[in-house]
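The sequence lines fix the lettering, A, B, ..., with proteins before strands; numbering per chain opens at 1.
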Amino acid sequence: MARKLSMKDAINEALDQEMARDPAVIVMGEDIVGGSGSPGEADAWGGVLGVTKGLYAKHGDRLMDTPLSESAYIGAAIGASTCGLRPVAELMFLDFMGVCFDQIFNQAAKFRYMFGGKAETPVTIRAMVGAGFRAAAQHSQMLTPIFTHIPGLKVVCPSNAYDAKGLLIQSIRDNDPVIFCEHKNLYAHESDVPEESYTVPFGEANIVREGTDATIVAYGLMVHRASEAAEALAKDGIQCEIVDLRTLSPIDIDTVVESVENTGRLICVDEANPRCSIAADVAATVAQEAFGSLKAAPQLVTAPHTPVPFSPALEDLYIPSAERVVEAVRKTMAP
Amino acid sequence: MGEANITPVLMPKWGLSMREGILVEWLVDEGAEIAVGDEIMEVETDKIASAVEAADAGILRRRVGAAGETYPVRALLGVLAPEDVSDDAIDAYIAAYEVPADEGGDEDSASQYEFVDTAAGRLRYARRGDDGPALVLIHGFGGDLDNWLFNIDALAQQARVFALDLPGHGQSTKQLGDPSLAGLAGVLQAFLDAVEIDRAHLVGHSMGAAVAARLACDAPDRVLSLSLIGAAGLGPEINADYIDGFVDAESRRELKPVLLNLFADSELVSRSMVDDLLKYKRIDGVHEALQQLAASLFADGKQQNLLGTEIAELSIPTLVIWGAEDRVIPAAHAQNAGAARIEQIDGAGHMVQMEQASRVNALILEHVLG
């Protein structure tokens, strides 16, 4: 039965249900159980924002606190996944991935290919992404394009609690390495989530809103900015279709192209820096596949090519706003 | 609201989740004489659009609701009154009208469903109406109790109505146990036992009609009458592309063309309908349950259970209703049940109880109440 659940609780429930279903699922990361060794509940943080809270009581030693060494435990998780376990490693902030790039890019992503299809690497790496948390330049980036660049990795970024639960269960059951990006400013966002386990397939975009005048492609938090923009534009009679990509590798470009063939206009919204972003990728592909359908140049609404500012005023300006999306849509409508 | 001879026209409530609807357009003018069942306005929700038929007769003295506007459920959209009621009285009635608070008064629509544990597992059902004979609604393959959203409240005016989710469907257990027709009929019997219904009028749609008919053959003393709608079990043909397509579809793009087979009016297949069905199909166990049912009931693209002769030999009153444009099960099968009454309804496909709801509701009530 469906009931309202926050994205944080939906992720917790997905982990709980998969651990109950499959004894091969383990969860590891920094402070995901408790950490320093003080007694009782006081120590049970359940991760830096409490996403894994309560799971240790149910699943015991299948949850592991790790040393503060990402390169060590991401490597351990990848190794364990090649030996029959299905580890879910929590990397806290995606920004910290740099120190384990060899394990991810050159090992996990390559095993299936290097071993002639005989090796599988069913590891899921969960990490927080995105700005707006006043956490400064080293904890706020949207680094999704770095991972979509690597063949062999699957990259997921849900925009709501329903998708988060279904996509995380799919990630855990998937036999390839998955980078699961959780926008920290969506943890409190609620939607209807079934109690039962379910999967949301990879490579299947969601049409959040139907419209005939312009196609807005987004993922993660930007889906909500796009929805605000579409709401504002609808008051002026401009009907936007919003495509939530849900997964960035594989990417459902067919749904995007199909939509642009109907609307003739494309606006890509991406919280990542603009160069080689998901927005740039989608715009280029649509220009190639559906050039004849385009009535105007595709518009990209992204962060600027700068680090995320620590100043709250500047950080708010940095993140693409609904107003900027509205402007971009209007630009495609101008005669 | 003193005036006893003023009758309100209200925003309908279709299904438990409906909170508001858009009054798309009026189909009658002010001053028009309206009979019960006349289509008076077009209403649209995020799930479905349909014409609203008058529940009461009278002269439409005032159109209160404006076309294109959104109104909450049970908002006052129009006023029916005889000519001798003054305009002032109507103005006063409109001014005094308040949208009644939702029964239960909370946001949690889920609490309006009930669950019951049976030998076949946990089943979800909805229950409406306090008086009259027991009437049980059984949905079809891949459906759920919300397939009756245009029927359940209308039927509950004159009957105690129960609508259940069969195993593998809706929010009931996804474990089928026995995927044969007799197995499903056994579940239905277990449901009747669990909710303490001794004898019931069974109303089945598609596969649900075959389940109802199977129970009537297996336990005729439990069944007062049969209403079979777009029924399975009356002939070998079935649209195998529909069944296979429904079972296998994993995406919106795959599922939508399959669902177009269900309706005469393709506009009814909304984004929200496709999304809701995808959400159902993604739940653990559903794909396996649908595969098992399809393999058991519709193997090799043919219906495996033919009950027409058996039903004809029962002394249970049987009504057969079919949408003339049914593209899932041929309407010609209606002839095979030896039914006293066969009604073919134009402008409707397989989901005739949704597309021509008030016609179907009237036929069922007539059949059940005699």
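Neither the backbone nor the side chain of A/Gln170 comes within less than 4.5 Å of any heavy atom in chain B. Both the backbone and the side chain of A/Asp254 come within contact range of chain B, each with at least one heavy atom under 4.5 Å from a heavy atom of that chain.
Residue-environment remark: CD (A/Gln239) exceeds the threshold of 12 foreign heavy atoms within 6.0 Å. Annotation for A/Lys58: atom NZ does not count as buried by contact number, only 12 or fewer foreign heavy atoms lying within 6.0 Å.
Interatomic distance, A/Gln17 CD to B/Asp284 CG, rounded to the nearest 0.5 Å: 8.0 Å.
Using a 4.5 Å heavy-atom cut-off against chain B, the contacting residues of residues 205-213 of chain A are A/Asn206, A/Ile207, A/Val208, A/Arg209, A/Glu210. Chain A is approached within less than 4.5 Å, heavy atom to heavy atom, by B/Glu250, B/Ser251, B/Arg252, B/Arg253 from residues 249-265 of chain B, ordered by number.
Because its NZ or CZ atom is not both nearer than 6.0 Å to the ring centre of A/Tyr198 and within 45° of the ring axis, B/Lys279 does not count as a cation-pi partner of that residue.
In summary, of the residues considered (B/Ile283, B/Thr173, B/Val286), a side-chain contact (heavy atoms from CB on, under 4.5 Å) with A/Glu196 occurs for B/Ile283 alone.
Contact check for A/Pro201 versus B/Arg282: side-chain heavy atoms found under the 4.5 Å cut-off.
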